Amino acid sequence: MGDWRRSHTCADLRPENIGQEVCLMGWVQRRRDHGGVIFVDLRDREGLTQVVMSPEYNKDVHAVADSIRNEFVVAVKGKVGMRPEGTLNDKLPTGHVEVMVDELKILNNSNTPPFMIDDFTNANEDIRLKYRYLDLRRRKIQNNLITRHNIVRNMREYLYDKGFLDIETPFLTKSTPEGARDYLVPSRVNPGKCYALPQSPQMFKQLLMVGGYDKYFQIVKCFRDEDLRADRQPEFTQLDIEMSFIDREDLMELLEGLFIQIFDRVKGVKLDRGFPRMSYDDAMEKYGHDAPDTRFDMFLKTINELVADCGFKVFREVVAEGGVVKAINAKGAGQKYSRKDIDSLTELAVSLGAGGLAYIKVNEDGLQSPIVKFLGDSADKIVSEMNGEPGDIIFFGAGKKDIVNLYMSKVRLRLGKELGLIKEGDYSFVWVLDFPLLDYDAEAKRYVAMHHPFTAPLDEDIPLFDTDPGQMRAKAYDLVLNGSEIGGGSIRIHRSDVQEKMFSALGFTPEEREYKFGFFIEALKYGTPPHGGIAFGVDRIATILTGSDSIRDVIAFPKTQKATDQMSEAPNNVDEKQLKELCMKFEVVESD
RNA sequence: GGGGGCGUAGUUCAGUUUGGUUAGAACGCCGGCCUGUCGAGCCGGAGGUCGAGGGUUCGAGUCCCUUCGUCCCCGCCA
């Protein structure tokens, strides 16, 4: 670079800069060689500027420009000029000007990149992940990461303004038995013992409340050793918040304000206060899912009463055996959905555990369906109950409740998408409230915490600890955006006696309780204030706000579905010497 | 642990259903021409372990088995 310094970015120059001597540095997006004049689009993260090397203007510079190629890093000094009439480019913000180059330095050359870095080609993800540093140069990814930056910046600014303290908590922590699998870190100075990376800073943030820091937040990595999905990575980022002396209304009000600010400043979208609310039970009944996509209606409806005595054996038996029959009216799908489309929808349902996907097509001249002859009178009642009109198709799921909900919720989403009920740029928030406190784990034959074991039950439900724990409801709340759970939290248990009851309900022996959570129960005995909090998935929020399909598109260096890094090839084998220092020996055994 | 999709030139794909001559296209790359382009244009050229291994066959990109990679989903993720 010598003593050269940039005077502008590649997005700065405008007609008002004409005549100025400037110095730009960046990557060669593209070189257009006309035999005489050579044009180069110079790129940095701000934008593109055309620089011009003409043999008439400067012969030496033109000769050097002959050798440059895509992705070379170059510096130019020159004069800003107006482009000749008829050659203005309105697609670029800098498209009315260009830099006539007086001096050109090649700061570094580049191998031909394995894929084109532009807006038009789209290499597959595996090659993009292997050369992630090149993928990061693409405008789409850069915009994603800039949007993510703006989201995080607004989170910080909003919470600073509200008097929150940003406090760090440890990464090397104690493994807890509940929840996700832990990533373990062996301790060299404590041979045979391990730390666990936090699944979330849950206990630490509660202990900060005990410590008197009544408004805390942190934007922090969390780690869970579970299988990956399009919206799940083994390390992900949470906005973690905890407050004392509040109830859930206080939190919801605070957080609505946060999202109103983020959407306003990041997307220019004005949101209204008072996000809709829905009970967990309602969400499961109408959407079949605890993270309902409320961008469109088209609800599921349980029709057990209508089919309990009907002539269709499948429905009748499901009701008799305690299952559910749920219906959904695909309004106006009759025209659009061929037999093949219905088969494809059936395949989706079957892949998720359905026996099949019954349907009734409502035509002008009557009902068309493989099951209508069995249903008899019930068919008309069902159609009327579902507001069926000519042109509609009513789909049915029947079976065990959670399986029906699973596939009917996916069927609903697919219908919503295919029937065009979801518009680009729609953002629909909903609070989901009153979750069950506990969930029965048939395999482990015990209750597990639906949210986590520190969640407070509704006050009126506390007596149920001793009689019917399964019926208890929690002071928990999830914030759902466009069918994606972006955050969840609860009012916590702040009394040690209630916390002990909770651990008992979860089937911990006093010894286990003491070994795993003794320090925490002890802390609750020293004047713990009422408190509660929430955690948001920063990656998921960024995914939605950038319109991305995958969480990987908003993470600079994401991992594949097998939790590997294709670029660095992590995880890898470690030296025998490193293991020895840890007093460890690997024995890889087949898992079953 | 299970279900499904994909894997062919540097990249994105066609070809696989129904096995048959020398495996194609576009973009990129290299060379030539070209002084106002902006996904520049024209001409020419190079470039292939058809993911890997095994099998069937006179013959396999194509059929079968095994395996690896990658993506989506179920389980799992308090």
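Only a predicted model underlies this, so the values are computations on that prediction, with no experimental measurement involved. Just so we're on the same page: letters track the sequence lines, and every chain starts at 1.
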Exercise. Just jot down the side chain to side chain donor-acceptor pair (under 3.5 Å) partners of A/Arg232, sequence neighbours excluded, or say none.
Key: none

Exercise. Go through the structure and list residues passing side chain to side chain donor-acceptor pair (under 3.5 Å) with A/Thr112, not counting sequence neighbours.
Key: none

Using a heavy-atom cut-off of 4.0 Å across all strands, would you classify [X] as base, sugar-phosphate, or nothing?
| X | result |
| --- | --- |
| A/Thr455 | nothing |
| A/Ile38 | nothing |
| A/Pro84 | base |
| A/Glu125 | sugar-phosphate |
| A/Asp439 | nothing |
| A/Thr49 | nothing |
| A/Asp119 | nothing |

Atom [atom1], compared across [N] and [M]: separation rounded to whole Å:
| N | M | atom1 | answer |
| --- | --- | --- | --- |
| B/U17 | B/G51 | P | 15 Å |
| B/G48 | B/A9 | C1' | 5 Å |
| B/A60 | B/U22 | P | 12 Å |
| B/G31 | B/C50 | P | 29 Å |

Starting at atom [atom1] of [X], determine the distance to atom [atom2] of [N], rounded to an integer number of angstrom.
| X | N | atom1 | atom2 | answer |
| --- | --- | --- | --- | --- |
| A/Arg138 | B/G28 | CZ | P | 17 Å |
| A/Asp118 | B/A40 | CG | P | 9 Å |
| A/Phe115 | B/C29 | CZ | C1' | 16 Å |
| A/Gln238 | B/C77 | CD | C1' | 12 Å |
| A/Asp126 | B/C13 | CG | P | 10 Å |
| A/Leu48 | B/G39 | CG | C1' | 12 Å |
| A/Lys559 | B/G69 | NZ | C1' | 18 Å |
| A/Glu347 | B/G5 | CD | C1' | 12 Å |

Within this structure, what is the [atom1]-[atom2] distance for the pair [X] and [Y], rounded to the nearest 0.5 Å?
| X | Y | atom1 | atom2 | result |
| --- | --- | --- | --- | --- |
| A/Arg128 | A/Leu136 | CZ | CG | 10.0 Å |
| A/Ser344 | A/Glu418 | OG | CD | 6.5 Å |
| A/Ile541 | A/Leu479 | CD1 | CG | 8.0 Å |

Quiz prompt | Residues A/Arg31, A/Asp33: salt bridge by 4.0 Å N-O rule | solution = yes

Within [range], find the residues that approach RNA chain B with a heavy atom at under 4.0 Å, and present them sorted by residue number.
| range | result |
| --- | --- |
| residues 87-100 of chain A | A/Thr87, A/Leu88, A/Asn89, A/Lys91, A/Glu98 |
| residues 25-36 of chain A | A/Arg30, A/Arg32, A/Asp33, A/His34, A/Gly35, A/Gly36 |
| residues 68-79 of chain A | A/Arg69, A/Asn70 |

Every protein N/O lying under 3.5 Å from an N/O of nucleotides 73-76 of chain B:
from, atom 1, to, atom 2, distance (Å)
B/C73, OP2, A/Ala230, N, 3.3
B/C74, OP1, A/Lys410, NZ, 3.3
B/C74, OP2, A/Arg229, NE, 2.9
B/G75, N7, A/Arg229, NH2, 2.8
B/G75, O6, A/Asp227, OD2, 3.3
B/G75, O6, A/Arg229, NH1, 3.0
B/G75, O6, A/Arg229, NH2, 3.2
B/G75, N1, A/Asp227, OD2, 2.5
B/G75, N2, A/Asp227, OD2, 3.3
B/C76, O2', A/Glu226, OE1, 2.5
B/C76, O2, A/Arg232, NH2, 3.1
B/C76, N3, A/Arg232, NH1, 3.2
B/C76, N3, A/Arg232, NH2, 2.9
B/C76, N4, A/Arg229, NH2, 3.4
B/C76, N4, A/Arg232, NH1, 3.2

Quiz item: Does NZ in A/Lys174 sit with more than 12 non-hydrogen atoms of other residues, nucleotides or ligands closer than 6.0 Å?
Solution: yes

Quiz item: In terms of the angle between their ring planes, are A/Tyr133 and A/Tyr131 parallel, tilted or perpendicular, with boundaries placed at 30° and 60°?
Solution: perpendicular

Quiz prompt | Set of side-chain contact (heavy atoms from CB on, under 4.5 Å) partners for A/Thr173, sequence neighbours left out | solution = A/Pro170, A/Ala196, A/Pro198, A/Phe204

Quiz item: Does A/Ala230 have any side-chain contact (heavy atoms from CB on, under 4.5 Å) partners at least two apart in sequence or in another chain, and if so, which?
Solution: none

Exercise. Identify which one of A/Tyr195, A/Phe236, A/Phe171 satisfies the ring pair (Phe, Tyr, Trp, His ring centres under 6.0 Å) criterion when paired with A/Phe223.
Key: A/Phe171

Exercise. State, with a plain yes or no, whether a side-chain heavy atom of A/Ile493 is found less than 4.5 Å away from one of A/Lys501.
Key: no

Quiz item: Under 4.5 Å between any side-chain heavy atoms of A/Gln566 and A/Glu125, yes or no?
Solution: no

Exercise. Please list, chain by chain and in numerical order, all residues satisfying ring pair (Phe, Tyr, Trp, His ring centres under 6.0 Å) with A/Phe465, sequence neighbours excluded.
Key: none

Quiz item: Who passes ring pair (Phe, Tyr, Trp, His ring centres under 6.0 Å) against A/Tyr57, sequence neighbours left out?
Solution: none

For [N], does the base pair up with any side-chain atom of [X] as donor and acceptor (N or O, under 3.5 Å, distance only)?
| X | N | result |
| --- | --- | --- |
| A/Arg83 | B/C38 | yes |
| A/Gln566 | B/U70 | no |
| A/Arg128 | B/U70 | no |

Exercise. Scan nucleotides 42-48 of chain B nucleotide by nucleotide, 5' to 3', and note B when protein non-hydrogen atoms come under 4.0 Å of the base, S if they reach only the sugar-phosphate, - if neither.
Key: -------

Quiz item: Partner of B/G24 by Watson-Crick or G-U wobble geometry, both contacts under 3.5 Å, or none?
Solution: B/C13

Quiz item: Which base, if any, makes a Watson-Crick or G-U wobble pair with B/G69, both distances under 3.5 Å?
Solution: B/C6

Quiz prompt | By salt bridge (charged side-chain N to carboxylate O under 4.0 Å, His left out) - contacts of A/Asp343 (at least two apart) | solution = A/Arg339

Quiz item: If you pin A/Ala123 and A/Gln50 to their nearest nucleotides in RNA chain B, which one's is more 5'?
Solution: A/Ala123

Quiz prompt | Most 5' of A/Phe120 and A/Pro453 on RNA chain B, judged by nearest nucleotide | solution = A/Phe120

Quiz item: So, is A/Thr112 near the phosphate of B/C29, with a side-chain N or O under 4.0 Å from OP1 or OP2?
Solution: no

Quiz item: Can you tell which of A/Leu24, A/Thr94, A/Asp12, A/Val22 makes a side-chain contact (heavy atoms from CB on, under 4.5 Å) with A/Val80?
Solution: A/Val22

